[in-house]
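First comes the structure, then the notes that go with it.
Both backbone and side-chain heavy atoms feed into the values below; hydrogens, waters and symmetry mates do not. Position 1 is the first residue of the sequence; numbering continues from there.
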Amino acid sequence: MVGPDGRQLALAAQHFRRDPAEFGLPPAADYVMWGMTAPAAVFGHPGPEFFRLGAAELLALAERAVADWHPSLGALIRLGEPGYVVPAGIQTSERPEPWPPVPVTLVGDAAHPMAPVGISAGVALHEAGLLASRLLPDVPLLDAVRSYETEMLDHGFAAVATATRHHGGDRSG
């Protein structure tokens with residue numbers, strides 16, 4: 001859910017069809033995950049002091065951030081388990097100047113972190129396919145990496161710009 005002032009609430013339900021313990025993982029119950037993002041001014045805690053808040057304070061901030069939304073959202077946040085509540089900052093990247101290729105490269109958010117708007121996985125998959133298409137037996141590795149990185153930078157930083165606009169509430173492009 002997106003508010004006009006940059007507040008966003010992401011929700012995801014996890015329903016296990018099979019007990020994770022069947023696969024050697026710790027047993028787990030179904031749950032609903034939420035994440036609240038907003039400009040620092042909305043939370044009233046810009047700067048490093050935000051990261052020193054405890055779970056109860058963070059839950060209260062998130063609840064206040066949706067106080068003027070549907071009451072069920074505040075109720076959902078109040079059900080949050082404090083042990084799983086953590087502060088996080090959103091970092092985006094600025095396009096770097098090209099660099100000399102080396103035999104290791106990056107894809108997706110590893111190459112160009114972006115705001116969470118639901119496109120990062122698709123961008124990373126596109127770039128993985130692009131990289132795979134450049135890695136050909138008759139092409140020297142560093143030439144393939146250079147070719148990939150040139151296109152990845154164009155595609156990736158266009159995605160960063162789109163994510164930044166969308167995260168700020170602008171859905172026009």
Side-chain angles (χ1 to χ4, degrees), residues 1-15 20 23 25 31-53 58 61-62 65-66 69 73 77 80 84-173:
M1 287 147 271
V2 179
D5 57 357
R7 292 177 292 163
Q8 297 187 33
L9 180 64
L11 299 169
Q14 174 62 54
H15 173 71
F23 305 98
L25 300 169
Y31 62 90
V32 173
M33 182 278 309
W34 59 264
M36 180 79 213
T37 61
V42 170
F43 285 134
H45 283 277
E49 63 268 14
F50 175 76
F51 295 94
R52 291 191 283 273
L53 297 176
L58 292 167
L61 276 177
V66 298
W69 292 7
L73 298 173
I77 288 172
Y84 295 102
V85 178
V86 295
I90 296 173
Q91 304 295 319
T92 60
S93 51
E94 294 181 16
R95 185 180 178 134
E97 293 297 320
W99 57 87
V102 296
V104 175
T105 192
L106 304 169
V107 298
D109 281 343
H112 42 71
M114 64 182 78
V117 297
I119 65 172
S120 293
V123 171
L125 288 171
H126 171 86
E127 291 172 1
L130 179 64
L131 176 58
S133 75
R134 298 298 195 271
L135 297 173
L136 302 170
D138 58 335
V139 177
L141 178 61
L142 295 184
D143 291 346
V145 170
R146 180 181 299 109
S147 173
Y148 158 73
E149 288 176 345
T150 299
E151 192 167 339
M152 175 273 293
L153 287 171
D154 289 340
H155 179 264
F157 282 93
V160 169
T162 297
T164 300
R165 280 192 315 276
H166 285 213
H167 194 262
D170 177 4
R171 303 288 183 201
S172 63

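Here the closest non-hydrogen pair linking V102 and L142 is C-CD2, 3.5 Å. Scanning both residues, G108 and E127, for their nearest heavy atoms gives N-OE1, 2.7 Å. Across A111 and F157, no two heavy atoms sit closer than the pair O-CZ, 4.2 Å. The minimum heavy-atom distance linking A163 with I119 is given by the pair CB-CD1, 4.1 Å. The two residues P101 and E149 have their closest heavy-atom pair at CA-OE1, 4.2 Å. Minimum heavy-atom separation, G156 to M114: O-CE, 4.5 Å.
Within a 6.0 Å sphere centred on OH of Y84, heavy atoms belonging to other residues, nucleotides or ligands number 12 at most. The number of heavy atoms from other shown groups lying within 6.0 Å of CD (Q14) is above 12.
Judged by distance alone, with hydrogens and angles left aside, the side-chain atoms of T162 form a donor-acceptor pair with the main-chain N or O of A158 at under 3.5 Å. Judged by distance alone, with hydrogens and angles left aside, the side-chain atoms of S133 form a donor-acceptor pair with the main-chain N or O of L130 at under 3.5 Å. The backbone N or O of P113 lies less than 3.5 Å from a partner atom in the side chain of S93, making a donor-acceptor pair.
Going from atom CG of D143 over to atom CG of L136 covers 11.5 Å, rounded to the nearest 0.5 Å. Atom OG1 of T105 is separated from atom CE of M152 by 5.0 Å, given to the nearest 0.5 angstrom.
V123 is listed as a side-chain neighbour of H155, based on a closest heavy-atom distance under 4.5 Å. In this structure, L153 and H112 have side chains that are not in contact, with every pair of non-hydrogen atoms separated by 4.5 Å or more. The shortest distance between side-chain heavy atoms of L131 and E151 does not fall below 4.5 Å. In this structure, R146 and R134 have side chains that are not in contact, with every pair of non-hydrogen atoms separated by 4.5 Å or more. Considering only heavy atoms from C-beta on, Y148 comes within 4.5 Å of V107 through its side chain.
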List the steps and the verdict of side chain to side chain contact (heavy atoms under 4.5 Å, CB included) for M36 and R7.
CA-CA 7 Å; M36 180 79 213; R7 292 177 292 163; 3.8 Å; yes
